[in-house]
Trainee: 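There's a structure below that I have some questions on.
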Amino acid sequence: MPKLTIDGSEIEVEAGTTILQAAEQLGIEIPRFCYHERLAIAGNCRMCLVEVEKMPKPVASCAQPVGEGMVVHTNNANVRRARQGVMEFLLINHPLDCPICDQGGECDLQDQAMAYGGDRGRYKEEKRAVEDKSYGPLVQTWMTRCIQCTRCIRFITEIAGTPVLGGLGRGEHMEVSKYVDAALSSELSGNLIDLCPVGALTNKPAAYTYRSWELKKTESIDAMDALGSAIRVDARGNEVIRILPRVNDDVNEEWLGDRSRFACDGLKRQRLDRPYARKEGKLLPVSWGEAFARIADHLKGVPGSKIAAIAGDQADCETLVAVKDLMAALGSGNIDCRQDGAKLDASVRASYLFNSTLAGIEEADAVLVIGSNPRKEAPVLNARLRKRYLQGGFKAAVVGPKADLTFKHEWLGDSASVLADIAGGKHPFFEVLKNAAKPAIILGQGALAREDGAAILALARKLADAAGLVKDDWNGFNVLHTAAARVGALDLGFVPQGDGRDVAGIVDGAAKGDISVVFLIGADEVDVKGLGHAFVVYLGSHGDAGAHRADLVLPGAAYTEKSATYVSTEGRVQRTRLAVFAPGEAKEDWRVIRALSDVVGKPLPYDTPKQVRERLAAVNPVFATTDVVVPAAWGAAFGAEGALLADKPLASTIDNYYQTDPISRASKTMAECTAAFGEGCGCNHKKTGTHG
């Protein structure tokens, strides 16, 4: 390990470390524009110049490996003079539009110009102007501001795996542009905005609507998919303006999917802000007291066997435990969280978790994806799989939908019989898994949300045992969820109790008159038109399919409007934080259930968030700690071994990445993406068999 001296401080670092990285270890900040720790080194902005003794001229510290005995100066007169020269060149063609630029206040060029810019300009010629490019409905371009750091090119090529950007021309004529007829259709394109060190790429949906210093920043957790990505919610007043990723190497590194980032405009559209009751066929505003009284009237004399509750995909754990307790008090076991009908086994935690963990999947050397398209279901996870592929020594295969996953893989077909052959050792890929040091499978909801889902789950378990996916220090059995609420609900046992009905049974029972009252807790992906003449109570934040069918609507809070608990697909317990208040008379969902329990004569024994969370921990000890992944025990059997497999293709449950839930379906931006990128219709017909 070489030793070197930086600004008088001696340090020993690993061979191959650059001067810039070594300086960071000492806490010495070196300015940069093109360098980014997660991207390949380009060395083209030259802002990170340092002086190395015995070298004839300043060197780019981001691209210069350390050497034994080096003596480096990062801030002497020669270095400052060199950086001032670089800054002068960068500003030659840069427009003086900081007052109107959305990057103002967050601009790296602005900050560095304060430190290294001159007090006057010597360039008298006309500035160069560059034509703006169309990057779609999400990314606004102002290419005259571009300093050609190439971060966007490297990200879209290396991380996103959709190489549609490049540098055209040379010298002063170089422009960053799209290739001919190429569309910036990556599900991770919003990260280009974060990476751009100037205002060349900005947030198009929110263009010219805010200044960065106006925004209140709240650290929270994303609930638009099941990964539990770390986010920051930026709000002005009571409106969410933008959502940005936070660094969390264990979950999302520093990336965020476009739906999670840009669907925030759906938080202010089609909102439920007061209770509504159906009168003469129309939903009309009522008071909370009248709403609760109507529910109590419909519950009078109704046996528990005729009452049911279905949990939606963004319901928080506090609400779920309150609903479960209330249903138990009413004598009903008809509860379920699996809107899509997934045959998940709540009794065995290892059977429904991403057991290798999201970061751990980078250690796998062979992966079999079953019934899933991770690029649409979890773009950030797909980026991790691509990252692992680029490291080499990685074999991947897919049994399911044929798709461009941005990394090399073998498509084995879309029939469940292929999985049966692999599990039985009759397929060549079985040997690939068996011979791998850390093999893994990723089981998608498309494989489980079928009539033979339990049989496929059993086959996956059989394959895990036969191919050695589970070892002392490794568990490669992974279930990829698409719903933020699903794992938490399963941890709480929000599944049929005793002889209770599942989602299909509840819908069928309501159609036949066997179920009289149905509570929809933000559930919009079920066949609401099949609920017959049942009295439907909808508790949620948006006027989506469930609210349209409901006889009584109770306004709840979205995930940015409450401090609530969620459990990610890997089993990590996390909490959102209240960033803005719910609109109008809307309340936190668990408080609505708590108030309702008093009216129906079944008061729940908790009144504060602390007491509810104590109840969560009492139901399942995993809720006692947050942001920790507790490995689940492996051993108990699950699934339905020996059951018949259906003769139909395995497919993803998501056909339109941009519109999967009430918030994104209410989003104007997501509707524009659907139109621009030719995605599906955005409704829940794939799950319910109906449009709308």
Trainee: Taking all heavy atoms of Ser541 and all of Ala557, pick out the closest pair and write down the distance.
Mentor: CB-C, 4.1 Å
Trainee: Check whether Glu570 reaches the backbone of Val629 with its side chain - one donor and one acceptor, N or O, closer than 3.5 Å.
Mentor: no
Trainee: Can a salt bridge be assigned to the pair Lys562 and Glu318 using a cut-off of 4.0 Å between side-chain N and carboxylate O?
Mentor: no
Trainee: Any carboxylate oxygen within less than 4.0 angstrom of a Lys/Arg side-chain nitrogen, looking at Asp249 and Arg38?
Mentor: yes
Trainee: So does Met143 get a backbone contact from the side chain of Thr141, meaning a donor-acceptor N/O pair under 3.5 Å?
Mentor: no
Trainee: Going by the rule salt bridge (charged side-chain N to carboxylate O under 4.0 Å, His left out), which residues pair with Arg128 if we only count those two or more places apart in sequence or in a different chain?
Mentor: none
Trainee: Could you check if a side-chain atom of Ile147 sits within less than 4.5 angstrom of a side-chain atom of His94, using non-hydrogen atoms only?
Mentor: yes
Trainee: What is the distance from atom SG of Cys98 to atom CG of Leu109, rounded to the nearest 0.5 Å?
Mentor: 7.5 Å
Trainee: Do other residues, nucleotides or ligands put more than 12 heavy atoms under 6.0 Å from Glu131 CD?
Mentor: no
Trainee: Hey, is the main chain of Cys337 close enough, under 3.5 Å, to the side chain of Arg486 for a donor-acceptor pair?
Mentor: yes
Trainee: Counting distance only, does the side-chain N/O of Asp102 pair as donor-acceptor with the main-chain N or O of Tyr208 below 3.5 Å?
Mentor: yes
Trainee: To the nearest 0.5 angstrom, please state how far the CD atom of Glu362 sits from the NZ atom of Lys387.
Mentor: 4.0 Å
Trainee: Looking at OG1 of Thr669 and OH of Tyr658, how far apart are the two atoms once the value is rounded to the nearest 0.5 Å?
Mentor: 11.5 Å
Trainee: Side chain of Ser212, backbone of Gly104: donor and acceptor closer than 3.5 Å?
Mentor: yes
Trainee: Rounded to the nearest 0.5 Å, what separates atom OH in Tyr538 from atom OH in Tyr276?
Mentor: 13.5 Å
Trainee: Looking at Glu106 and Arg242, is there a salt bridge between them, counting it only when a charged N and a carboxylate O are closer than 4.0 Å?
Mentor: yes
Trainee: For Leu227 versus Gln574, what's the shortest heavy-atom pair and its separation?
Mentor: O-OE1, 4.5 Å
Trainee: Knowing that exactly one of Thr218, Leu244, Leu215 qualifies, which makes a side chain to side chain contact (heavy atoms under 4.5 Å, CB included) with Arg232?
Mentor: Leu244
Trainee: Run the side chain to side chain contact (heavy atoms under 4.5 Å, CB included) test on Lys133 and Glu175 for me, step by step, so that the C-alpha distance in whole Å, both residues' side-chain angles and the decisive distance to 0.1 Å come before the verdict.
Mentor: CA-CA 10 Å; Lys133 314 298 189 295; Glu175 298 180 18; 3.0 Å; yes
Trainee: Do you know which two heavy atoms are closest between Tyr135 and Ser177, and how far apart they sit?
Mentor: OH-CA, 4.0 Å
Trainee: Go through the steps for Ile159 and Asn191 under the test side chain to side chain contact (heavy atoms under 4.5 Å, CB included), then give the verdict.
Mentor: CA-CA 10 Å; Ile159 308 297; Asn191 295 288; over 6 Å; no
Trainee: Applying side chain to side chain contact (heavy atoms under 4.5 Å, CB included), run through Ile231 and Leu256 and close with a yes or a no.
Mentor: CA-CA 8 Å; Ile231 62 172; Leu256 191 63; 3.8 Å; yes
Trainee: Is a side-chain donor-acceptor pair under 3.5 Å present for Gln314 with His542?
Mentor: no
Trainee: So that I can tick it off, tell me whether Glu585 and Arg274 are bridged by a salt bridge, with the cut-off set at under 4.0 angstrom between side-chain N and carboxylate O.
Mentor: no
Trainee: Would you call Glu525 and Arg665 a salt bridge, using N to O less than 4.0 angstrom?
Mentor: yes
Trainee: Any chance you could measure Asp524, atom CG, to Gln339, atom CD, to the nearest 0.5 Å?
Mentor: 7.0 Å
Trainee: How about Arg32 and Cys62: do any of their side-chain heavy atoms sit closer than 4.5 Å?
Mentor: no
Trainee: Identify the heavy atoms of Arg261 and Ile243 that sit nearest to each other, and give their distance.
Mentor: CG-O, 3.3 Å
Trainee: For Asp222 and Ser260, does a side-chain donor sit closer than 3.5 Å to a side-chain acceptor?
Mentor: yes
Trainee: Ignoring hydrogens, what is the shortest heavy-atom contact between Thr162 and Thr406? Give both atom names and the distance.
Mentor: CG2-CG2, 4.3 Å
Trainee: Is Phe581 atom CZ crowded by more than 12 heavy atoms from other residues, nucleotides or ligands, each under 6.0 Å away?
Mentor: no
Trainee: How are the rings of Phe407 and Tyr389 set to each other: parallel, tilted or perpendicular (split at 30° and 60°)?
Mentor: tilted
Trainee: With distance as the sole test, does Glu377 use its side chain to make a donor-acceptor pair with the main-chain N or O of Asn373 at under 3.5 Å?
Mentor: yes
Trainee: Go through it in stages, so that I can follow the logic: the residues are Asn238 and Val580, the test is side chain to side chain contact (heavy atoms under 4.5 Å, CB included), and I'd like the CA-CA distance, side-chain angles, deciding distance and then a yes or no.
Mentor: CA-CA 5 Å; Asn238 208 44; Val580 295; 3.3 Å; yes
Trainee: Counting neighbours of CD on Glu125 that are heavy atoms of other residues, nucleotides or ligands and sit closer than 6.0 Å, is the number greater than 12?
Mentor: yes
Trainee: Looking at Lys668, I'd like to know if its NZ atom is crowded, meaning that more than 12 non-hydrogen atoms belonging to other residues, nucleotides or ligands lie closer than 6.0 Å.
Mentor: no
Trainee: Using only atom types and a distance under 3.5 Å, with no angle test, would you say the side chain of Thr144 pairs donor to acceptor with the backbone of Ala129?
Mentor: no
Trainee: Got Leu165 and Leu184 here, is their nearest side-chain heavy-atom distance under 4.5 Å?
Mentor: yes
Trainee: I'd like to check Gln148 versus Asn44 (side-chain heavy atoms, cut-off strictly below 4.5 Å). Are they in contact?
Mentor: no
Trainee: Is a side-chain N or O of Asp258 found less than 3.5 angstrom from the main chain of Leu138, in a donor-acceptor match?
Mentor: no
Trainee: May I have the step-by-step check of side chain to side chain donor-acceptor pair (under 3.5 Å) for Thr565 and Asp316, ending in yes or no?
Mentor: CA-CA 6 Å; Thr565 304; Asp316 58 89; over 6 Å; no
Trainee: Could you report the tightest heavy-atom contact between Leu272 and Ala586, atom names first, then the distance?
Mentor: O-CB, 3.9 Å
Trainee: Could you go through residues 197-205 and list every donor-acceptor pair under 3.5 Å that involves a side-chain atom there, pairing it with any protein atom two or more places apart or in another chain?
Mentor:
residue : atom : partner : partner atom : Å
Asn203  : OD1  : Ala206  : N            : 3.3
Lys204  : NZ   : Gly136  : O            : 3.1

Trainee: What distance separates Arg246 CZ from Asn252 CG, expressed to the nearest 0.5 Å?
Mentor: 8.0 Å
Trainee: Listed by chain and number, what are the salt bridge (charged side-chain N to carboxylate O under 4.0 Å, His left out) partners of Arg386, not counting sequence neighbours?
Mentor: none
Trainee: Please determine whether side chain to side chain donor-acceptor pair (under 3.5 Å) holds for the pair Ser563 and Arg577, giving the CA-CA distance in whole Å, both sets of side-chain angles, and the decisive distance to 0.1 Å.
Mentor: CA-CA 4 Å; Ser563 297; Arg577 291 184 182 175; over 6 Å; no
Trainee: Does Arg259 make a cation-pi contact with Tyr657 (under 6.0 Å, within 45 degrees of the axis)?
Mentor: yes
Trainee: With a 3.5 Å distance limit and no angle check, can you tell me whether His481 reaches the backbone of Ser568 through a side-chain donor-acceptor pair?
Mentor: no
Trainee: Considering only heavy atoms from C-beta outward, does the side chain of Trp142 approach that of Asp97 to under 4.5 Å?
Mentor: yes
Trainee: Where the side chain of Gln110 meets the backbone of Gly105, is there a donor-acceptor pair that is under 3.5 Å apart?
Mentor: yes
